[in-house]
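Have a look at the structure below, then the notes.
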Amino acid sequence: MGSHCESLALLTDLYEITMAYGYWKAGVADHEGAFNLFFRRNPFGGGYTVACGLEQAIDYLNNFGFTREDVDYLARLKGNDGRALFESGFLEYLAAMKLSLDVDAIAEGTVVFPQEPLLRTQGPIAQCQLLETPLLNMINFQSLIATKAARICQAAQGDPVMEFGLRRAQGIDGGISASRAAYIGGCAGTSNVLAGKIHDIPVMGTHAHSWVMLFDSELEAFQAYADAMPNNCVLLVDTYNTLDGVRNAIAIGDRLRARGQRMAGIRLDSGDLAYLSIEARRMLDAAGFDDVFIVASNELDENIITSLKLQGAKIGVWGVGTRLATAHDDPALGGVYKLAAVRAPGRPWQYRIKLSEQLAKITNPGIQNVRRFRDESLFIADMIYDAQQPPGGECLIIDPMDATRRRKIPADTASEDLLAPVWRGGRQVYSCPEIRAIRERAQRQLAGLHPSIKRIVNPHTYPVGLESRFHALKTELILSARKM
């Protein structure tokens, strides 16, 4: 987190700081607020999203603080009258700020759905406000990439997927965060060596066309690479003529085998991947190399992989770069962070709601949690409820987008609440799992979804509803707000 500068407190939008200043000027900076972080639609036209990025968010919270250099910079900002934008007293308030809020969140690797709070902050409203942009930045992007990776790995049907999008990723942190999220989403490893070091992700790779082009012949290039890397020999065969490249790789494989070593694989990076992989597989098998895998790359995503599978392609490992690391076809999750309750010192919570002409943009009020119900093998529905009034016994959930869509949940249905304490009073109370445990959780969570919800195209909608009393409260608040 600290690789860009010593402090990341200014990793925010200016309006977060101007609002904090306004709270301070109005004397309400220490009034409590409750904010919910959620999104309104699943990305990629899919049926689910994989929550990711919480560990980085916790790291940010642990290191939050305005340095003297930060407040000196803010002191130099001017308003449209040429005067200082912020009073010196406010800047000293920022310099002395220590986070004292509470944070609850859904564990990384959990499948989540629109309208559900992935994270909730509760505490001094100025502090909660200052966290909006950085929390969204970290959780939006990593959840997006983890979801894309899960879709790609699903299309690969159990074949290993290598992520190697660093060179096309959105900057340094975009590349590192994408590699982490892609591994959590199901990728077997990454080409990104720094991400491998930082996050303990398996690193993988072959060689580029430039290696082959350096030598006078492809066979000579393959031989030199096999001599240099006999224990990691995957040969890129499409620099000149792909099937001739396969023949040259077989010749190198024979030489390695004679020395008691083995060629691990070949890589196809262009052309008709279905036809070429089928022909390459035939040639390798005929030469006794049925254990040599075929890697394919070249602008792959879940749709192209699905098509290649349907064509009978003989590809055993998939290398996915640009369209994974950049979430090429849907490059933003669109998560938001909305105020849902306020409380003056010594007073009860007052719930807040934002209205809109668009139904999907009307917020859910209050301090929310999510309860997931399941049968013996699958998740069956999620319920968003008021954490101040936890439901018990039989539940009725109501679709927030269509109040006529309702579902009863029997009292004895197995369930778990998804938001758990992360921070209490400004102190971390949550132990972040190792990345492999998060990845395994994502796999278990995906296995808990009905196959129709995981369809790449036109998935079934997973049932998510508001608990009936919570729905009635929301309706009451909407009617009251419309009279204002």
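No hydrogens, no waters, no symmetry mates; every other heavy atom, side chains included, goes into these values.
- Counting heavy atoms of neighbouring residues, nucleotides and ligands inside a 6.0 Å radius, atom CG of N458 does not exceed 12 of them.
- Taking the side-chain contact (heavy atoms from CB on, under 4.5 Å) definition, one finds that M401 meets it with Q115, L359, A360, D399, sequence neighbours left out.
- Annotation for E299: atom CD counts as buried by contact number, over 12 foreign heavy atoms lying within 6.0 Å.
- The side chain to side chain donor-acceptor pair (under 3.5 Å) contacts involving residues 351-362 comprise Y351-D386, where partners must be two or more places apart or lie in separate chains.
- Shown here is E416, whose CD atom has more than 12 heavy atoms of other residues, nucleotides or ligands within 6.0 Å.
- Atom CD1 of I58 sits about 12.0 Å away from atom CG of N63, to the nearest 0.5 Å.
- In this structure P421 satisfies the side-chain contact (heavy atoms from CB on, under 4.5 Å) test together with D104, R424, V429, sequence neighbours excluded.
- A side chain to side chain contact (heavy atoms under 4.5 Å, CB included) with M383 is found for one member of I398, I397, L396 and no other, namely I397.
- A donor atom on one side chain and an acceptor atom on the other are not found under 3.5 Å apart for S270 and N298.
- Within 6.0 Å of CZ on R374 lie more than 12 heavy atoms contributed by other residues, nucleotides or ligands.
- No side-chain heavy atom of C52 sits less than 4.5 Å from a side-chain heavy atom of I145.
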Side chains of residues 190-199: which donor-acceptor pairs under 3.5 Å do they make with residues two or more places apart or in other chains?
unit_1, atom_1, unit_2, atom_2, d
T190, OG1, E163, O, 3.3
T190, OG1, E163, OE1, 2.5
T190, OG1, S179, OG, 3.3
T190, OG1, N192, N, 3.0
N192, OD1, L194, N, 3.2
N192, OD1, A195, N, 3.0
N192, ND2, G175, O, 3.4
N192, ND2, S179, OG, 3.2

Residue pair Q368, R120: steps toward the side-chain hydrogen bond (donor to acceptor under 3.5 Å, both in side chains) verdict: CA-CA 8 Å; Q368 302 162 31; R120 185 182 74 231; over 6 Å; no

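- With hydrogens and angles left out, the side-chain atoms of R168 and T326 include no donor and acceptor closer than 3.5 Å.
- Shown here are the side-chain contact (heavy atoms from CB on, under 4.5 Å) partners of F39, two or more places apart in sequence or in another chain: N42, T49, V112, P114, L118, L333.
- Within the structure, salt bridge (Lys or Arg N to Asp or Glu O under 4.0 Å) contacts touching residues 147-158 (residues at least two apart or in different chains) are K148-E302, K148-D329, R151-E302.
- The stretch residues 412-469 participates, sequence neighbours left out, in these ring-ring contact (aromatic ring centres under 6.0 Å, His included) pairs: F113-Y462.
- The ring-ring contact (aromatic ring centres under 6.0 Å, His included) pairs that include a residue from residues 315-340 are F35-Y337, where partners are two or more places apart or lie in different chains.
- Listed by first then second residue, pairs satisfying ring-ring contact (aromatic ring centres under 6.0 Å, His included) with a partner in residues 270-315 number zero, not counting sequence neighbours.
- Among residues two or more places apart in sequence or in another chain, the salt bridge (Lys or Arg N to Asp or Glu O under 4.0 Å) test is passed with R40 by none.
- For D330, the salt bridge (Lys or Arg N to Asp or Glu O under 4.0 Å) criterion is met by R41, not counting sequence neighbours.
- Atom OG1 of residue T121 and atom CD of residue Q127 lie 10.0 Å apart, to the nearest 0.5 angstrom.
- Atom CZ of R343 sits in a crowded spot, with more than 12 heavy atoms from other residues, nucleotides or ligands closer than 6.0 Å.
- The environment of CZ in R167 is sparse: at most 12 heavy-atom neighbours from other residues, nucleotides or ligands sit within 6.0 Å.
- More than 12 non-hydrogen atoms from other residues, nucleotides or ligands lie less than 6.0 angstrom from NZ of K454.
- For the atom pair CG of L243 and CZ of R282, the computed distance is 8.5 Å after rounding to the nearest 0.5 Å.
- The side chain to side chain donor-acceptor pair (under 3.5 Å) search around H209 returns D238, not counting sequence neighbours.
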Worked check of salt bridge (charged side-chain N to carboxylate O under 4.0 Å, His left out) between R436 and E434: CA-CA 6 Å; R436 284 166 177 77; E434 294 183 350; over 6 Å; no

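- In this structure, the separation between CG on L355 and OG1 on T363 is 7.5 Å, given to the nearest 0.5 Å.
- Here the CZ atom belonging to R281 is positioned 4.5 Å from the CG atom belonging to D285, to the nearest 0.5 angstrom.
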